[in-house]
Amino acid sequence: MLTSSYSSSRRILPQVYQCILNSDYLAEEGLDLIDSIQSVDSWGDEEATFTERVAEMFLEAARGYGEGISHLDNTLLQWIKALIDSSEKAGLQARLWCTRLPLEFYSKGKFTDGCEAAAEFLRDANFSPGGKITNNDNAQAGFLRHMSVEYLTRDKNLSDRDEWEKRAKYIDVWKPLDPYNPSKLERYAQGMGVRMRGKLAKDFGLFNEAYFSLKLFIEQYAKRGSREDGWAIGDLGQVVLELEGADEDCDALSDLMTNGIRCGHDQLIPELDARPCEVITQIYSQAIESRMVARGSSSQYDRDNVRESDTMFLEINRAASILREGIFRPERYAEAEQKLIGLKDRFENMLTMGALWHDNQTRHFSVLAYLAQISHLQMDWEVAQSRWIETIDYGQSSVKEWNGDHYYVDVAKYSLANAQLQAGGEPDAIIAELDEIVHRLNAEVVTWNLGLGTFWLEYIRKSMAEVMSVEESAREG
C-alpha cells in the first residue's frame, strides 16, 4: 500500500496524499483511481479537463523526486502517463517528458538515452508558431529543450569549448512565440536556458563563462527560494571556488569582488579584505537560511534532517567553501569537518530508508572526499588514509552509474598513495600501483566535481613530485 511508509521530510500536497488514500480505498473495493478520475465530466468551455488538471497536480508533486518516498515517484509517473495519454496538448506532453527524464531514464543511468529520446519528441511534436499552441505549451517545450541538452551525445571530435558552444546554440533555438513580449512562463523558460548554459560551461571547465551566465540567471530570472535558484547559486559558488583555486586573475572574480551579487532582494557587496571563498560561504549561508525559514525547518532536528535537493547541494558546497577558507585560516577546518560529518550522517540515515537518488550518490562521495582532504591538509596521515579508503570503497560500490570505476575514484586512489608515502610507506610498493592511474588522470580532465579533478589534483601532483624528489635524493645519497 502506498500509505504504509508515509514518513519523510518530503512535502506532498494534501490533495495528492488524499489521492493516495483514495487509491488504496478503491483498490480494496476492486476499483481503479485513474478510471474514476477519467470518468468525471468536464464542461466543454473549460481550458483544461478535470483529468488534465489532476495530471498537472501529479506533475507538480513529482517534482520532489529524489527527496524520499521513491515508490511514490514511480506510482505518480504511471498515473500521469495514463491521464495524459489521450491529451492532444503538446505542452502537457512536454511537461510529462520533463518528469520522465529523471524518473524513467536518469534513475536507471540512461542519461544520454533519455535526452536523445526527449530531443526526438521535440523534433516530432508540432511546436511551431503556426501550430495551435499556447504560450504555456511553448514554454513547456522550452523547459524540456533546456533540460534535455545536458546529456545529449557528445561529439568526441570537438573540444570542450566547441561542444559547449554547440549546446549553447541548441538552447538558443527555442524562442518565445513573441520574442518582444514573452509570457511570464516563457520568460522563465528563457532563464532556464541561461542557467543551463552556465551549468554546462561549468561542467566543461569554462568557469569564467559559467560565472556570468549563472549570475545573470540568479539576478534576473530566478524565482527566489526555488530549486532552480538553489542549484544555480550552488553552481556559481563552485565556479568562484574553482577560479580562486586556479589562482588566476579573471573577469569573473573581479566582477564578484567589485560588484557583488543580488540574490533575491539582497545585494551582497564583499568587504575590501574578503577572499572569494569567504564571500561564497556568506552567499551559501544566506541561501540555506532563507530556505530553512521559508520551508518551515525551524527546529534543529528539522535542519539536521533536511532532504531537499537544492538545500543539501548548498550545504555541501558551503562546507567545501569553508574547507577552502582553511587553507588561509586553518582554524576553519574544524567547522568544515563538523558540517561534513553532519552531512555524512544524514546520507547514511537516508540509506537506511532505501537506495540514494543518483545525484545523492555522487554528493555522498563528494562529502567523503572533502573529509579526506581536511585530514590530508592537516597532515593527519592515519586518518587521511582511512578516509581516502572509505571514499574509494564508496565510489566503487555505491555510485551505481560509475560501475566500480571512475576518474574521481582514481583521484582518490592517487591521493591515498600520497598519504601513504607521506606517512612513510614503502615507496616501491606504492608507486608500482600508480602507473595506470596516473596515465588515466593525465589522459583527460573532469571538472564537474568541485576541485577534485582541478586544484585538488594539482595539489596532489605537486606533493607527489616533492615526495619523489626527496626519495630520489635519498637513494642517490
Side-chain angles (χ1 to χ4, degrees), residues 8-16 56-57 59-69 95 98-99 102 139-140 142-143 146-147 183-199 202 211 213-240 256 260-269 279-321 339 343 346 357 359-360 363:
S8 169
S9 62
R10 175 172 169 181
R11 293 168 176 82
I12 298 176
L13 289 171
Q15 298 93 322
V16 175
E56 289 176 343
M57 179 179 69
L59 283 164
E60 189 63 28
R63 293 184 76 240
Y65 63 83
E67 295 175 1
I69 325 180
R95 195 172 175 190
C98 286
T99 303
Q140 298 300 341
F143 288 132
H146 302 152
M147 180 180 182
S183 69
K184 185 177 181 180
L185 198 60
E186 284 178 317
R187 188 177 186 281
Y188 196 55
Q190 278 184 310
M192 294 300 288
V194 172
R195 172 184 164 258
M196 183 54 72
R197 187 184 293 111
K199 183 184 185 306
K202 185 206 79 167
Y211 169 85
S213 289
L214 291 166
K215 184 181 181 183
L216 178 64
F217 172 76
I218 293 165
E219 292 192 327
Q220 297 191 21
Y221 293 97
K223 296 178 182 177
R224 188 181 186 190
S226 67
R227 289 172 118 201
E228 294 79 14
D229 175 51
W231 292 331
I233 293 172
D235 284 335
L236 180 131
Q238 287 192 353
V239 164
V240 170
L256 176 68
I261 186 170
R262 187 179 72 255
C263 295
H265 302 299
D266 304 320
Q267 180 75 30
L268 190 151
I269 302 295
V279 177
I280 293 304
T281 298
Q282 186 177 353
I283 292 171
Y284 281 154
S285 294
Q286 289 180 355
I288 292 166
E289 181 62 22
S290 68
R291 279 162 174 74
M292 295 288 189
V293 173
R295 299 173 186 179
S297 298
S298 55
S299 71
Q300 191 59 50
Y301 175 83
D302 289 339
R303 288 170 176 245
D304 291 342
N305 289 279
V306 162
R307 292 182 63 174
E308 285 93 346
S309 174
D310 57 326
T311 307
M312 287 194 71
F313 185 49
L314 289 165
E315 288 184 277
I316 294 167
N317 285 314
R318 177 177 63 179
S321 185
K339 292 187 181 302
L343 287 160
R346 197 183 315 173
W357 187 252
D359 281 342
N360 282 335
R363 289 172 184 173

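In this chain, numbering begins with 1 at the start of the sequence shown. Heavy atoms only: backbone and side chains are in, while hydrogens, waters and symmetry mates are out.
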Worksheet entry | Heavy-atom side-chain contact between S309 and W357 under 4.5 Å | no
Worksheet item: Less than 4.0 Å between a side-chain N and a carboxylate O, is that true for R291 and D310?
Response: yes
Response to the item:
Here the gap from M312 atom CE to N317 atom CG, rounded to the nearest 0.5 Å, amounts to 11.5 Å
Discussion item. Holding to salt bridge (Lys or Arg N to Asp or Glu O under 4.0 Å), I want the full list of residues that pass it with K215, two or more places apart in sequence or in another chain.
Written reply: D255
Worksheet item: Between R262 and E219, is there a donor-acceptor pair closer than 3.5 Å when you use the side chain of the first and the backbone of the second?
Response: yes
Worksheet item: Which of parallel (below 30°), tilted (30 to 60°) and perpendicular (above 60°) describes Y188 and F143?
Response: perpendicular
Item to complete: Give, for atom CD1 of I316 and atom OG of S321, the distance between the pair rounded to the nearest 0.5 Å.
Response: 13.5 Å
Fill in: Residue pair Q238 / F313, side-chain heavy-atom distance below 4.5 Å
yes
Fill in: Under 3.5 Å: donor-acceptor pair, side chain of H146, backbone of Q190
no
Practice prompt. Would you list the pairs meeting salt bridge (charged side-chain N to carboxylate O under 4.0 Å, His left out) in which at least one residue belongs to residues 184-198, sequence neighbours left out?
Written response: D172-R197
Discussion item. Any non-hydrogen side-chain atom of E60 less than 4.5 Å from a side-chain atom of R95?
Written reply: yes
Practice prompt. State, with a plain yes or no, whether a side-chain heavy atom of I218 is found less than 4.5 Å away from one of C263.
Written response: yes
Item to complete: Provide the closest heavy-atom pair for I233 versus Y284 in the form atom of the first, atom of the second, distance.
Response: O-CE2, 3.4 Å
Worksheet item: Which value, rounded to the nearest 0.5 Å, describes the distance between R303 atom CZ and M292 atom CE?
Response: 6.0 Å
Worksheet item: Distance from E315 atom CD to D304 atom CG, nearest 0.5 Å?
Response: 8.5 Å
Worksheet item: Is there a side-chain contact between E228 and F217, using heavy atoms and a 4.5 Å cut-off?
Response: yes
Discussion item. Could you check whether any side-chain heavy atom of V306 comes within less than 4.5 Å of a side-chain heavy atom of R346, counting everything from C-beta outward?
Written reply: yes
Practice prompt. Locate the shortest heavy-atom distance separating A287 from S290; write the atom from each residue and the value.
Written response: O-OG, 2.9 Å
Discussion item. I need the Q286 CD to L268 CG distance, nearest 0.5 Å.
Written reply: 5.5 Å
Discussion item. Side chains of E308 and R295, heavy atoms from C-beta outward: is any pair under 4.5 Å?
Written reply: yes
Practice prompt. Over all heavy atoms of both residues, which pair between P102 and M147 is shortest? Give the atoms and the distance, please.
Written response: CD-CE, 3.7 Å
Discussion item. Can you tell whether the side chains of D235 and K202 come within less than 4.0 Å, N to carboxylate O?
Written reply: yes
Worksheet item: Side chains of R227 and T311: do they bring a donor and an acceptor to under 3.5 Å?
Response: no
Response to the item:
Value for CG (L256) from CD1 (I280), rounded to nearest 0.5 Å, stands at 5.5 Å
Discussion item. Within the structure provided, determine whether D229 and K223 are in side-chain contact (heavy-atom separation under 4.5 Å).
Written reply: no
